[in-house]
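Here is the structure we will look at, set down as structure tokens.
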Amino acid sequence: MDNLREEVLCRLDDMVDDTARGFSVDNGGQVLAVIIVRQGAVVYGYRNHCPHTGINLDWVPDQFFDGSGEYLQCSVHGALFRLEDGYCIRGPCAGKSLEPWPVSIRGEYIVCAAH
């Protein structure tokens, strides 16, 4: 049986609207890198893991957006991913998606599921 728990990542006020930040999550003894995107009262979570090469999307901490601020971008090959579903619209992994990571807002905190 899965023993999921919620892990507090940060206070909602600690993330400015329309930004993304990287976090490390303990997932049953394995530390995983995740990306959290905040758009108003909605948050999206993804593994920080490019489907093309498996590397983290950011080579500078918390630098996830392309120049327009509309898409998450892989820093190595420039692949662009939609914020709302992680779907790659351009780049070597076009048609693939970032792995979703369950996140939500609980009161004044952003939390994620972890094992």
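This chain uses plain numbering: 1 for the first residue, then up along the sequence.
- Val43 and Leu9 fall within the same hydrophobic cluster, where Ile, Leu, Val, Met, Phe, Trp and Tyr residues are linked whenever their side-chain heavy atoms come under 4.5 Å apart, directly or through other members.
- In this structure, Ile35 and Asn56 have side chains that are not in contact, with every pair of non-hydrogen atoms separated by 4.5 Å or more.
- Residues Leu98 and Trp101 are members of separate hydrophobic clusters, defined by side-chain heavy-atom contacts under 4.5 angstrom among Ile, Leu, Val, Met, Phe, Trp and Tyr.
- One finds the CD atom of Glu6 at 5.0 Å from the OG atom of Ser104 (value rounded to the nearest 0.5 Å).
- Linking ILVMFWY residues whenever their side-chain heavy atoms come closer than 4.5 Å, directly or via other members, places Phe81 and Val42 in the same cluster.
- Follow the hydrophobic side-chain contacts under 4.5 Å out from Leu80 and you reach Tyr87 in the same cluster.
- In this structure the side chain of Phe23 never reaches within 4.5 angstrom of the side chain of Cys112, judged on heavy atoms.
- Nearest heavy atoms, Gln39 versus Tyr44: OE1-CE1, 3.4 Å.
- Ile105 and Val25 fall within a single hydrophobic cluster, where Ile, Leu, Val, Met, Phe, Trp and Tyr are joined by side-chain heavy atoms under 4.5 Å apart, directly or via other members.
- A donor-acceptor contact shorter than 3.5 Å is absent between the side chain of Asp66 and the backbone of Gln73.
- At a threshold of 4.5 Å between non-hydrogen side-chain atoms, the residues Thr53 and Val76 do not count as touching.
- Here the side chains of His52 and Cys88 are not in contact, with every heavy-atom distance at 4.5 Å or above.
- In this structure, Tyr46 contributes its side chain and Leu83 its backbone to a donor-acceptor pair below 3.5 Å.
- Using a distance-only test at 3.5 Å, with no hydrogens or angles considered, no donor-acceptor pair links the side chain of Trp59 to the main chain of Cys74.
- At least one donor-acceptor pair closer than 3.5 Å links the side chain of Asn48 to the backbone N or O of Leu57.
- Proximity of a side-chain donor or acceptor of Tyr109 to a complementary backbone N or O of Glu7 within less than 3.5 Å is not detected.
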Apply the test side chain to side chain contact (heavy atoms under 4.5 Å, CB included) to residues Arg21 and Asp14: give CA-CA distance (whole Å), side-chain angles for both, the deciding distance (0.1 Å), then the verdict. CA-CA 10 Å; Arg21 281 183 51 194; Asp14 291 341; 3.9 Å; yes

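- Contact record, His49 with Gly54: CD2-O, 3.1 Å, taken as the closest heavy-atom pair.
- Summarising the geometry of Arg90 relative to Gly78, their closest heavy-atom pair is NH2-O, 4.0 Å, with the distance given to 0.1 Å.
- Arg38 places a side-chain N or O within donor-acceptor distance of the main-chain N or O of Gly40, the cut-off being under 3.5 Å.
- Of all non-hydrogen atoms in Leu72 and Ala20, the two that sit nearest each other are CD2-CB, 4.3 Å.
- Here the side chains of Gln63 and Ser75 are not in contact, with every heavy-atom distance at 4.5 Å or above.
- With Asp62 contributing its side chain and Gly22 its backbone, the two residues share a donor-acceptor pair below 3.5 Å.
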